[in-house]
Amino acid sequence: MELRAVSRPHISLLGDTRRGWGENPMRAQIVDIINKTLSSLVAKGELPEAVSEANPPFTVELPKNKDHGDYATNVAMLLAKPAKKAPRAIAELLVANWVDPDQIIVQSEVAGPGFINLRVNPHALLQIIHQVLGEGDAYGLAKESNGEKVLVEFVSANPTGPLHLGHARGAFTGDAVARLLEAAGYEVTREFYINDTGNQVLVLGRSIYARYQQAHGHDVELAKDAYPAEYVKNIATSIQDQDGDKWLSASEEQWLPYFVQKGVQTNLAQIKKDLENINIPFDSWFSEQSLHESGKVAGLIEAYASSGMAYRAEKPRGAEERVRREDSKAAQYQDQQAGGLFLETSRFGDDEDRIIQRANGTPVYLAADLAYHIDKIERGFHRMIDVFGADHGGHVPRIKAGIQAAGKDHSDLEFLLVQMVRLMRNGQELRFSKRAGQIYGIDELVDEIGPDAARFIFLMRSANTQFDFDLDLALRQSNDNPVFYVQYGHARTTTLLRRAAEASIPFDPKSPPAVADLEGLRLPEERDMLKKMAAFSDILQGAAKASEPHRLIYFCQELIALFHGYFSKYRATERVISDDIPLTLARLSLVASVKQTLKNALNILGISAPDHMQAPDAPSEDE
RNA sequence: GCUUCCAUAGCUCAGUUGGAUAGAGCACUGGUUUCCUAAACCAGGGGUCGCAGGUUCGAGCCCUGCUGGGAGCGCCA
């Protein structure tokens, strides 16, 4: 009899083991044993048929408490209801009837309210080493594509200036999410949406023109909302060098498009350079302008109008009922909406209807944004992730509503809102005023603390919590600094392997000893590392599904903490490299596995795994 | 006022989608190197998980309300 339901368990640690994803070999084997045992118990009439249909999302996880064995499962508690039996009774049944031909489970006991604590055969754990070393750089990563296409849109900074610190968290987060998804088996496209039209770029063009006039000795003042910074002057002088004074006598209709284009081009080139410098590639640069030129924006507006989703009015319906703050900018701009075309986003959960086209027929940015998202949907991705700054969170309901109003489905569209970061130096917040032209660029940050530390610290925290970026801490090349801790651990593993080679120990990570010859690895710390490494693919899949790179950072820290502890504790007694050659080979295999797993995890995050660390107090060898 | 994110150790934050006695780093106190990298390790103190209800075998996690903080509430993007 085939137990359909329990042969397809939902595992809370995620990672469907049937689909060629990297899998946790230990967990997969235990899940299999549980399923087979349940199946046989139902067949023998010990458990009711209802158990087969329950399909409970049981867990097989590493218990926090070491007294609880190697692995623990809550399957008995989840089956209590369908089986109409006490959790502990079900657990007892399982424990007494394991269908375990390979003898993976060497000890099991019922604990607490009905947990089953398991101890597994050391042999089974040792196979992890062969898996890690055999798969090398591919260990933990998806073996093949899962066939799902994902679009990650991130940064999408206005081409009105270089990237600054406000963009950094979104940039690193978006890149890490993209890397995470790739490693988890998705086909990822990284896209940058360029707002190369609209008011902001006009302001930019006028700012450049004002600087251009000043460069020719004209005493003009910058507009209140102008961009004053140095890079604007540089663009102005480059136009001056190229074209001389030919634009001074031109009318605004003549010079504005040219200055806008020059500004956008220059800034975009700078943005691309900044992103390349921090190793963030894009597959696609999507121009807003192109949506206008292709008629997609106009077409969408037309579609809204003809489907009755948009109406022409003096003001949006329902807006007068809305309580506005006295200083509301909406109130300020309300009269400008008169005669515009309004989209009924309020029918789909938005606060009020939104204008999409002015009285004079020109579309507003929301229309382009909607055309862009609908274009995305039509490109046929399984998942679309927008990485937004928290200050753009207000867009989300409008975009969703607009998509629904167009008769499309937004359920595959996810918004990852990256919260604000406060940059701290000397215990005080650093504030940068764009108005005053102060900019702390991403390039400056990376110059100051290095690319790995910048990435690590931005990725260390869950994206939806605010945090303080402590520049002093990031700068300190000391043990306060978590990125060094992890990288130092990797360097330590490398050193061990190098020492072994220097001692002419015949170890080759590509052909580790047979499992039977790894049996010397009996220390509890050694088993802990094996279990942790086995969980890598589960962590990766969970992080990818949830778009949470910080889970991988924690994994790196936890794995290397086990290694550091192991190394220090036994350095005087159970050394990795000893006269016992078989044991040395076994331990080197373990060390090589830790190195490989850590390297793979860091690589997914875009952080380097150095083989050497320069001690901070040591004199530099280069001088 | 509305939307949204957040509130866990002195500080910065995790908490594996509802599991067992809530964890880590920093800071503090004490200890560890004739020995494979001390950028490391070990030990110790430190908690009403913002408050109050609810859901169930079980809640830091889910629901409701409240308090406090961030962000947003424009034809800007």
Side-chain angles (χ1 to χ4, degrees), chain A residues 12-14 57 59 61-65 67-68 72 74 77 80-81 86-87 111-115 117 156-158 160 195 198-200 203 225 322-325 328-334 336-337 340 350-352 354-358 362-366 369 389-397 417 419-420 422 460-462 464-468 470 473 477-482 484-485 487-489 491-492 495-496 498-500 503 535 538-539 542-543 545-546 550-551 553-555 557-558 561 564-569 571-573 575-578 591 612-617:
Chain A
S12 76
L13 289 177
L14 304 172
T59 58
E61 58 191 1
L62 300 176
K64 291 172 221 160
N65 189 329
D67 298 336
H68 296 156
N74 64 350
M77 289 184 285
K81 225 168 235 172
F115 289 99
N117 295 332
S156 298
N158 281 347
T160 52
N195 294 112
N199 199 45
Q200 291 302 309
V203 170
D225 59 353
R322 195 174 149 204
V323 182
R324 293 188 187 275
R325 300 192 325 266
S328 164
K329 289 175 183 167
Q332 234 171 304
Y333 288 92
Q334 210 158 14
Q336 298 182 33
Q337 301 187 353
D350 195 9
D351 294 341
E352 64 178 57
R354 304 288 166 180
I355 187 165
I356 53 171
Q357 189 186 45
R358 293 175 198 150
T362 55
V364 309
Y365 83 94
L366 178 62
D369 230 17
D391 55 343
H392 286 202
H395 284 269
V396 173
L417 293 184
Q419 298 294 321
M420 301 284 116
R422 293 199 309 165
M460 195 164 57
R461 306 302 182 200
S462 149
N464 60 7
T465 57
Q466 304 152 218
F467 80 103
D468 293 345
D470 187 341
L473 189 143
Q477 307 248 321
S478 76
N479 51 356
D480 310 350
N481 193 331
F484 287 99
Y485 179 82
Q487 290 187 322
Y488 173 58
R492 258 186 163 176
T495 302
L496 277 171
R498 197 180 63 240
R499 294 277 180 213
D538 286 341
I539 306 288
K545 197 145 255 180
H550 75 274
R551 295 193 196 186
I553 296 267
Y554 276 84
F555 174 78
Q557 288 180 315
E558 288 161 10
H564 279 311
Y566 169 70
F567 182 90
S568 302
K569 180 171 177 183
R571 64 185 316 176
T573 53
R575 293 164 67 87
V576 170
I577 299 169
S578 68
V591 170
H612 299 279
M613 300 292 279
Q614 174 90 34
D617 299 329

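Letters A, B, ... are given to chains in the order of the sequence lines, protein chains preceding strands, and every chain is numbered from 1.
Using C1' as the reference atom, B/A27 and B/G45 are 13 Å apart when rounded to the nearest Å. For B/U17 and B/C11, the P atoms lie 29 Å apart once the distance is rounded to whole Å. B/G19 sits 23 Å from B/G25 when the P atoms are compared, rounded to a whole Å. Comparing B/C49 with B/G60, their P atoms are spaced 8 Å from each other, to the whole Å. Nucleotides B/C5 and B/A14, compared at atom P, are 15 Å apart to the nearest Å. If you take atom P in B/A71 and the same atom in B/A59, they sit 35 Å apart, rounded to whole Å. Across the P atoms, B/A38 and B/G47 are found 34 Å apart, a figure rounded to whole Å. When the C1' atom is used for both B/A9 and B/C26, the distance is 12 Å, rounded to whole Å.
Of the inter-residue distances, the one linking A/Leu366 atom CG with A/Ile356 atom CD1 reads 7.5 Å to the nearest 0.5 angstrom. Note that CG of A/Asn464 and CG of A/Leu417 are 8.5 Å apart. Values are rounded to the nearest 0.5 Å. One finds the CD atom of A/Gln557 at 7.0 Å from the CE atom of A/Met460 (value rounded to the nearest 0.5 Å).
Among all heavy-atom pairs drawn from A/Ala72 and A/Asn117, the shortest one is CB-OD1, 3.6 Å.
The CG-C1' distance, from A/Asn65 to B/G19, rounds to 13 Å in whole Å. For the pair A/His395 NE2 and B/G72 P, the computed distance is 11 Å after rounding to whole Å. One atom, CD of A/Gln557, and another, P of B/G15, lie 12 Å apart when rounded to the nearest Å. Rounding to whole angstrom units, CD of residue A/Gln419 and P of B/C13 are separated by 12 Å. One interatomic measurement links the two molecules: CZ of A/Phe567 to P of B/A38, which rounds to 5 Å at whole-angstrom precision. In this entry the distance linking CG of A/Asp391 with P of B/C5 reads 15 Å, nearest Å. Atom C1' of nucleotide B/U4 and atom CG of A/Asp351 are separated by 11 Å, given to the nearest angstrom. Per the geometry, CD belonging to A/Glu558 stands 10 Å off P belonging to B/G15, to the nearest Å.
Among B/A77, B/C41, B/G70, the nucleotide with an atom closest to any side-chain atom of A/Ser568 is B/C41. Relative to the side chain of A/Thr59, the nucleotides B/C5, B/U17, B/C36 differ in distance, and B/U17 lies closest. Which of B/C36, B/C13, B/A77 sits closest to the side chain of A/Arg461 comes down to B/C13. When each of B/A77, B/A20, B/C36 is scored by its nearest atom to the side-chain atoms of A/His392, the top-ranked nucleotide is B/A77. You'll find that the side chain of A/Arg492 is closest to B/U37, out of B/U4, B/C41, B/U37. The side chain of A/Leu417 lies closest to B/U4, out of B/U4, B/G19, B/A77. Checking B/C36, B/A40, B/A77 against the side-chain heavy atoms of A/Val576 singles out B/C36 as nearest. The A/Ala390 side chain lies nearest to B/A71 when the options are B/A71, B/A14, B/A77.
Residue A/Ala561 is out of contact with every strand shown, counting any heavy-atom pair closer than 4.0 Å. Residue-level contact check: A/Ala500 touches neither bases nor backbone, having no heavy atom under 4.0 Å from any strand. Using a 4.0 Å heavy-atom distance criterion, A/Gly565 is classed as a sugar-phosphate-only contact. Across all strands shown, A/Phe467 has heavy atoms under 4.0 Å from sugar-phosphate atoms exclusively, and none from any base. The residue A/Asn117 sits close to a base: some heavy atom pair falls under 4.0 Å. Nucleic acid contact for A/Leu496: base, since at least one base atom lies under 4.0 Å from a heavy atom of the residue. Nucleic acid contact for A/Gly389: none, since no nucleic acid atom lies under 4.0 Å from a heavy atom of the residue. At the heavy-atom level, A/Thr362 lies nowhere under 4.0 Å from the strands shown.
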Please assess A/Tyr566 against A/Val576 for the test side-chain contact (heavy atoms from CB on, under 4.5 Å), listing each intermediate value before the final yes or no.
CA-CA 10 Å; A/Tyr566 169 70; A/Val576 170; 4.2 Å; yes

Before giving the answer on side-chain contact (heavy atoms from CB on, under 4.5 Å), spell out for A/His68 and A/Phe115 the whole-Å C-alpha distance, their side-chain angles and the decisive distance to 0.1 Å.
CA-CA 9 Å; A/His68 296 156; A/Phe115 289 99; over 6 Å; no

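Not a single salt bridge (Lys or Arg N to Asp or Glu O under 4.0 Å) links A/Asp369 to another residue, sequence neighbours left out. Take A/Ser578 and apply the side chain to side chain donor-acceptor pair (under 3.5 Å) test, not counting sequence neighbours, and it matches A/Thr584. For A/Glu558, the side chain to side chain donor-acceptor pair (under 3.5 Å) partners at least two apart in sequence or on another chain are A/Lys532.
For the OP1/OP2 pair of B/C36 and a distance below 4.0 Å, the side-chain nitrogens and oxygens of A/Arg571 include at least one atom meeting the criterion. Remark: A/His550 is in phosphate contact with B/G15, judged by side-chain N or O atoms under 4.0 Å from OP1 or OP2. Distances shorter than 4.0 Å separate some side-chain N or O of A/Tyr485 from OP1 or OP2 on B/C41. For A/Arg354, no side-chain nitrogen or oxygen approaches OP1 or OP2 of B/G74 to under 4.0 Å.
Residue whose closest nucleotide on RNA chain B sits further toward the 5' end, between A/Val364 and A/His612: A/His612. Both A/His68 and A/Tyr554 sit near RNA chain B, but only A/Tyr554 has its closest nucleotide nearer the 5' end.
Base pairing in RNA chain B yields stems of at least 3 consecutive Watson-Crick or G-U pairs, both distances under 3.5 Å, namely B:1-7 with B:67-73, B:10-13 with B:23-26, B:28-32 with B:40-44, B:50-54 with B:62-66.
Residues A/Leu496 and A/Phe567 are in side-chain contact: their nearest non-hydrogen atoms beyond the backbone lie under 4.5 Å apart. Contact check for A/Gln419 versus A/Thr465: no side-chain heavy atoms found under the 4.5 Å cut-off.
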Under 3.5 Å, N/O pairs linking protein and nucleotides 56-58 of chain B:
none

Report all interatomic pairs (protein N or O, nucleotide N or O of nucleotides 6-10 of chain B) with separations under 3.5 Å.
unit_1: B/C6; atom_1: OP1; unit_2: A/Asn464; atom_2: ND2; d: 3.1

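With its glycosidic angle more than 90° from 0, B/U55 adopts the anti conformation.
With hydrogens and angles disregarded, no donor-acceptor distance shorter than 3.5 Å links the side chain of A/Asp350 to the backbone of A/Pro397.
Ring geometry for A/Tyr554 against A/His550 counts as perpendicular: the plane angle is over 60°, on a 0 to 90° scale with 30° as the lower cut. Classification of the A/His564-A/Tyr485 ring pair by plane angle, with boundaries at 30° and 60°, yields tilted.
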